[in-house]
Amino acid sequence: PPAPKAAGGMADDAAKQRISDLETALRKQQKVILKLQANGGASAEGSPVSTAPSSTVGTSESEAGLRRELEAAAEKIKEQEKKLQQLAKLYKKVDQEKKEALEAAKSAGGKGFTPSPGLLEGIRSSLAANRAQVVALRSEVEQSMRTQLPAFLEEAMKAKLPELQGMVEGASREWREKYNMECEKRRKLHNLVQELKGNIRVYVRVRPLNAHETGKCISFPSPDEIQIRNEETNTKKTWQFNQVLQENSTQAQLFEGVRDLVVSMLDGYNVCIFAYGQTGAGKTHSMQGTPDNPGIYMRTFNELFKVSKERAGWQVELKGAIVEVYNEEIRDLLADRNDRGKQKLSVKQGKEGNYVPGLTMKEVRNPQEVDDLLAIGSQNRTVACTDMNAHSSRSHLLVQIYGTLTNPEGKTKTSCITLVDLAGSERLAKSGVSGDQAKEAIAINKSLSALGDVINARAAKSSHTPFRNSALTHLLQDSLSGDSKTLMLLQINPCKDHVEESLCSLQFGARVNNVEMKK
């Protein structure tokens, strides 16, 4: 009948599919064996620890244990392979017997041959049993892979760990050396650029006219030129400087030219930035600014701590000191009020350059701590009222940040950045002061004159520079000589009523601009 014949064909196809599945599983198992053996051999041969004389015994035992585990796993897989082969043979035998029975039926002329129920039931029972065995074998292999393979991989990683650590440390050391080399190159190139710009640079900044002022004596023929015109004598003169900042310039624009000098200080060079000009020309505004629009002081402090944090592996220790030079005396503005004036401060020569014994120096860890010191120093600074300014500074203010810089290799350098707000440079008759204030003005002009003599000697490349003629120039000696970096900010009043004072300031700035530093 047709129905039993169709059922026999379906059983035949199912048997063939089972045989194919078993052969595929067998090939997969063989691949797993080969892969495990290859990984085990590579781990044993490639492990750097196994060849090290100091750990031969421990490593050999570990490798022997791994090999034994691997061989045991391989034996189990071989047993499974034998069972699978037996199943495949059984399927083939059943298939062959079926084919022979069909052939016999055909040869006997029985086209409607129907397998006996017993034969079909036997085939079904055999297939079910073999299927159960295959499922059990598959589960056993998967369980072995889950338990043995991770342990094998973990042992292999432990064996490779010393080699990997050595590679990481070697690469880290190599990159650290390259980084230090690049830092040194950057430092040299940066300071070469500063030297090419001129070790003493002169920036000119012209403040806007005040509400009560009329008439200008200043003009700007080109971006880096400034011209002054005297209407009474009908004369005019033009100068060229490193940078000329006009009345509409901002504090941020001014600091752009100062920023590189801050980096030089953290490279181990002494740096000095001083503001020069007559009273009321805007020196204190450019240096101090306001809380909403800070000047060079606060921007420099922020930049110092920003750059120092960016230097990975460096140790940067900063200390602050604030002094004033008043009537040729050095005053410590951070000293306790009870101790102030007890000890006369003076400049001494030391191994690291000039210094002031007994000067108060406070450690600073952030810009705000430096600003707090500046607030204390500004409160103690000597000021008075003059015809040029209602709140005129009667002393030279020096804000100093000393740095101890240690690079990743342990080499230490020391440096200092000095920010100077000089007292007004106007003539005595112009300031309109008398009595003690007249003595102050004379002392101010004497120190500024000594500064001019130092500048002239440097410009003329004289064999002797009179640094000791004034307490101010003695304090600034390290900043005005050697490989230090110095910038003078020349503040100019544009009002035509002050044309003579502005002319004197510009002439002094031109002399400073001709100075070449030397070691």
Test salt bridge (charged side-chain N to carboxylate O under 4.0 Å, His left out) applied to Glu317 - qualifying residues, sequence neighbours left out = none

Any side-chain heavy-atom pair of Gln251 and Pro294 under 4.5 Å = no

Shortest non-hydrogen contact between Cys272 and Val420, atoms and distance = SG-CG2, 4.1 Å

note = Glu310 meets the salt bridge (charged side-chain N to carboxylate O under 4.0 Å, His left out) criterion, sequence neighbours left out, with Lys306

key: Audit row: Leu318, Met265, side chain to side chain contact (heavy atoms under 4.5 Å, CB included) steps and yes/no   = CA-CA 11 Å; Leu318 301 176; Met265 181 267 181; 4.2 Å; yes

request  = Please check if the side chain of Asn270 supplies one atom and the backbone of Cys416 the other of a donor-acceptor pair under 3.5 Å.
outcome  = yes

ask   = Where is the tightest heavy-atom contact between Val202 and Asn242, given as atom of each residue plus distance?
value = N-OD1, 2.9 Å

ask   = Does Ser172 reach the main-chain N or O of Glu169 with its side chain, forming a donor-acceptor pair under 3.5 Å?
value = no

ask   = Do the side chains of Val271 and Val262 get nearer than 4.5 Å, heavy atoms only?
value = no

ask   = Hey, are the side chains of Val356 and Leu475 touching, using non-hydrogen atoms and a 4.5 Å cut-off?
value = yes

query = With a 4.5 Å heavy-atom cut-off, do Ser481 and Thr465 have their side chains touching?
reply = no

ask   = Is a side-chain N or O of Tyr203 found less than 3.5 angstrom from the main chain of Gly257, in a donor-acceptor match?
value = yes

inquiry  = Between Arg201 and Leu261, is there a side-chain heavy-atom distance shorter than 4.5 Å?
reply    = yes

inquiry  = I want to check something: taking the side chain as every heavy atom from C-beta on, are Leu489 and Leu254 in contact at a cut-off of under 4.5 Å?
reply    = yes

inquiry  = Whether the side chain of Asn354 engages the backbone of Val347 through a donor-acceptor N/O pair (distance < 3.5 Å, no angle test) should be reported.
reply    = no

inquiry  = side chain to side chain contact (heavy atoms under 4.5 Å, CB included), that's the test. Do Val316 and Arg311 meet it? Break it down for me.
reply    = CA-CA 9 Å; Val316 180; Arg311 297 196 170 181; 5.8 Å; no

ask   = Please walk me through it: do Tyr402 and Thr414 pass side chain to side chain contact (heavy atoms under 4.5 Å, CB included)?
value = CA-CA 7 Å; Tyr402 293 88; Thr414 58; over 6 Å; no

task = Can you see which heavy atom on Leu334 is nearest to which on Ile322, and at what distance?
result = CD1-N, 3.8 Å

key: Spatial distance of atom CZ (Arg468) from atom NE2 (His474) [nearest 0.5 Å]   = 4.0 Å

remark   = d(Ile330 CD1, Leu359 CG) to nearest 0.5 Å is 8.5 Å

inquiry  = When you measure from the side chain of Arg205 to the backbone of Gly282, do you find a donor-acceptor pair of N or O atoms at a distance under 3.5 Å?
reply    = no

inquiry  = What verdict does the side chain to side chain contact (heavy atoms under 4.5 Å, CB included) test give for Leu451 and Phe274, after you've listed the backbone C-alpha separation in whole Å, the side-chain angles of each residue and the deciding distance to 0.1 Å?
reply    = CA-CA 12 Å; Leu451 179 61; Phe274 64 93; 4.3 Å; yes

inquiry  = Using the side chain to side chain donor-acceptor pair (under 3.5 Å) criterion, which residues pair with Thr418? Sequence neighbours excluded.
reply    = Gln400

Shortest non-hydrogen contact between Leu333 and Asn380, atoms and distance = O-ND2, 2.9 Å

key: Atom of Ser346, atom of Pro357 and distance for their closest heavy-atom approach   = O-CD, 3.3 Å

task = Drop me the distance from Lys283's NZ to Met287's CE, to the nearest 0.5 angstrom.
result = 11.0 Å

inquiry  = Rounded to the nearest 0.5 Å, what separates atom OG in Ser484 from atom CD1 in Ile417?
reply    = 12.0 Å

query = Does Thr486 reach the main-chain N or O of Ser479 with its side chain, forming a donor-acceptor pair under 3.5 Å?
reply = yes

query = Which heavy atom in Gln243 sits nearest to a heavy atom in Leu245, and how many Å separate them?
reply = NE2-CD2, 3.3 Å

request  = Please list, chain by chain and in numerical order, all residues satisfying side chain to side chain donor-acceptor pair (under 3.5 Å) with Thr360, sequence neighbours excluded.
outcome  = Asp332

Within-4.5 Å side-chain heavy-atom neighbours: Val364 and Phe301 = no

Check: Val168 and Gln165 side chains under 4.5 Å, non-hydrogen atoms = no

inquiry  = Rounded to the nearest 0.5 Å, what separates atom CD1 in Ile401 from atom CE in Met361?
reply    = 9.0 Å

By salt bridge (charged side-chain N to carboxylate O under 4.0 Å, His left out) - contacts of Glu409 (at least two apart) = none

inquiry  = Can you tell me how far apart CG (Asp260) and CZ (Phe255) are? Round to the nearest 0.5 Å.
reply    = 9.5 Å

Gln315 atom CD, over 12 foreign heavy atoms within 6.0 Å = no

inquiry  = Could you work out, with side-chain contact (heavy atoms from CB on, under 4.5 Å) as the rule, every residue matching Gln288, not counting sequence neighbours?
reply    = Thr284, Tyr297, Ser378, Leu397

